[in-house]
Amino acid sequence: MAATIVRSPKLSLSLPTPESTTSNLPSLNQSFFTPLPKRRRCISIYACTAGDQSNSAFGGEIKKGQAIELNKVNDENPYEFNAKDSPNPLPRPLTSADLSNMASEGSRLRVAYQGVRGAYSESAAEKAYPNCEAVPCEQFDTAFDAVERWLVDRAVLPIENSLGGSIHRNYDLLLRYRLHIVGEVKLAIRHCLLANNGVKIEDLKRVLSHPQALAQCENTLTKLGLVREAVDDTAGAAKYIAFSKLKDAGAVASLAASRIYGLNVLAQDIQDDSDNVTRFLMLAREPIIPRTDKPFKTSVVFSLDEGPGVLFKALAVFAMRSINLTKIESRPLQKQALRVLEDSVDGFPKYFPYLFYVDFEASMADQRAQNALGHLKEFATFLRVLGSYPSDSGIA
């Protein structure tokens, strides 16, 4: 039986989404975004609108509106990075140190993604913004921070996978940072078993990859009797195998990673389920202007008081207006658990407060969406629109 070992190779790699309530809706002249700090004026940046799905919102005055925000978000969480330089000729991922002195250069759109070259996120970035300059970042936090500081123009980051579920870290970062969702892109994930030249499948004793990639190839790896070692990134695993010249280990990664790092493909499409798709969010400093002439999706986050039927009441504001929900995700409301210790038993809270992330099929330019959020605002303790953006119906 195959065993699983979780470890991170010790080297400097980046191993690592009733209409009577209308009068209560804030005016569409209300600001959708928070003004950026003045430090951005000291950094030169060039944006290219070619292939940019959100260029209608750039190059001119951003129209205000499309946001409903109640309480301020707690932005006191520090940005944490664990980054080390990697001395190799390949592009090095951004680290926290880079963020203090680096500026955007060139005329191509710079798009941040998490991982190293050959990562699935890099392919998603290139699908979202053709001909862009894809900028690798060590951590999800680094990518968010790079956009917020004007070091890159956009970020493309995973938010959910059809097999592995939600990327919880990115849900939390959507609330911590003040970026806007301006689009989405879906990418079919096709895993390959990679090894150095001359290495055969029977020579392998272990395999390295991201935990989700290993889980998605469970049946194949079990049949091969390989010990699984979890690292932070699929392409990072391929890079480690190649640079370490390992003869007894393989990596589960993309076909692109095999070409970049000169690895041999021992097997293709080793995932257990062929319907393996990851959804990525496209993030920017400023929102796009919602439209009604094409399919749009809107993402919001809100919190509610504790009580019977409160969540049902919140979801009913969409159902009564025939608005379809495509996603609902709950996350703990951090730093708020202590406030529910009253009437607790043995010092434990009676319940834990939660945030609810919801995606629904409607544009913020649609009156139904405006009325639904106006209704929700009446009893939600917190409400924020994360973005209203075109839906991606194609999978590449």
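Atom set for the values below is all heavy atoms of this structure, side chains included, hydrogens, waters and symmetry mates excluded. The chain is numbered in sequence order, starting from 1.
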| query | Is it true that a side-chain atom of Y261 and a backbone atom of R117 form a donor plus acceptor pair closer than 3.5 Å? | reply | yes

| Using 30° and 60° as the class limits, which term best fits the ring planes of F356 and Y354: parallel, tilted or perpendicular? | tilted

| message | Does any part of the side chain of F382, heavy atoms only, come nearer than 4.5 Å to the side chain of L175, both counted from C-beta? | response | yes

| Distance in Å, L226 CG paired with L221 CG, rounded so as to fall on 0.5 Å steps | 6.0 Å

| query | Side chains of S299 and K327: donor-acceptor distance under 3.5 Å anywhere? | reply | no

| query | Do the charged groups of D269 and R190 touch, with an N to O distance under 4.0 Å? | reply | yes

| Worked verdict on F302 versus L304 for side chain to side chain contact (heavy atoms under 4.5 Å, CB included) | CA-CA 7 Å; F302 59 89; L304 304 166; 3.9 Å; yes

| Check: Y357 side chain, Y171 main-chain N or O, donor-acceptor pair, under 3.5 Å | yes

| request: Check whether any side-chain N or O of S363 sits under 3.5 Å from a backbone N or O of R291 as a donor-acceptor pair, and report yes or no. | output: yes

| task | Kindly say whether A365 contributes a backbone atom to a donor-acceptor pair with the side chain of S388 at under 3.5 angstrom? | result | no

| Closest contact, heavy atoms only, A124 versus V185 | O-CG1, 4.0 Å

| said: Going by side-chain hydrogen bond (donor to acceptor under 3.5 Å, both in side chains), Q216 matches just one of H191, Q271, H210. Which one? | reply: H191

| field | Flag, side chain of S121 to backbone of Y113, donor-acceptor distance under 3.5 Å | value | no

| Do L204 and L266 come close enough that some side-chain heavy atom pair is under 4.5 Å? | yes

| Just checking, is any N or O donor in the side chain of S303 or T381 under 3.5 Å from an acceptor N or O on the other one? | yes

| task | Dump the intermediate steps for salt bridge (Lys or Arg N to Asp or Glu O under 4.0 Å) on R178 and E148, then the final yes or no. | result | CA-CA 8 Å; R178 307 292 293 185; E148 195 169 75; over 6 Å; no

| field | Minimum side-chain heavy-atom gap Q114-L157 below 4.5 Å | value | yes

| request: With salt bridge (Lys or Arg N to Asp or Glu O under 4.0 Å) as the test, would you mind laying out the steps for D392 and K297 before giving the verdict? | output: CA-CA 9 Å; D392 179 23; K297 183 181 290 186; over 6 Å; no

| N/O donor-acceptor pair under 3.5 Å between Q370 side chain and M364 backbone | yes

Name each donor-acceptor pair under 3.5 Å that joins a side chain in residues 246-259 to protein atoms two or more places apart or in another chain, with its distance.
unit_1 : atom_1 : unit_2 : atom_2 : d
S254   : OG     : G118   : O      : 2.8
S254   : OG     : A257   : N      : 3.1
S258   : OG     : L255   : O      : 2.5

| query | Do K245 side-chain atoms and N196 backbone N/O form a donor-acceptor pair below 3.5 Å? | reply | no

| said: If you compare all heavy atoms of D233 against all heavy atoms of A119, which two are closest, and at what distance to 0.1 Å? | reply: OD1-CB, 4.1 Å

| message | Do R206 and L208 have side chains that approach each other closer than 4.5 Å (heavy atoms only, starting at C-beta)? | response | yes

| task | Side-chain contact test, heavy atoms from C-beta onward, threshold under 4.5 Å: evaluate it for I167 versus F140 and give yes or no. | result | yes

| message | Could you check whether R321 pairs with D366 (Lys NZ or Arg NE/NH1/NH2 to Asp/Glu carboxylate O, under 4.0 Å)? | response | no

| said: Quick check against the 3.5 Å criterion: does R368 have a side-chain atom that pairs as donor or acceptor with the backbone of S322? | reply: yes

| query | With side chains defined as the heavy atoms from C-beta onward, is the minimum distance between T222 and E218 less than 4.5 Å? | reply | yes

| message | When you measure from the side chain of R110 to the backbone of L151, do you find a donor-acceptor pair of N or O atoms at a distance under 3.5 Å? | response | yes

| said: So that I can tick it off, tell me whether R176 and D141 are bridged by a salt bridge, with the cut-off set at under 4.0 angstrom between side-chain N and carboxylate O. | reply: yes

| remark: In short, L376 meets L383 closest at the heavy-atom pair CD2-CD1, 3.9 Å

| query | For L283 and L174, what are the C-alpha separation, side-chain angles and deciding distance, and is it a side chain to side chain contact (heavy atoms under 4.5 Å, CB included)? | reply | CA-CA 9 Å; L283 304 173; L174 282 172; 3.9 Å; yes

| query | Do Y129 and R154 touch side chain to side chain, with heavy atoms closer than 4.5 Å? | reply | yes

| message | Let me confirm one number: the CG-CZ distance from L173 to F144, rounded to the nearest 0.5 Å. | response | 5.0 Å

| Same cluster for L315 and V317 if Ile/Leu/Val/Met/Phe/Trp/Tyr side chains link at under 4.5 Å? | yes

| field | Exam field: side chain T298 to backbone A362, donor-acceptor pair closer than 3.5 Å | value | yes

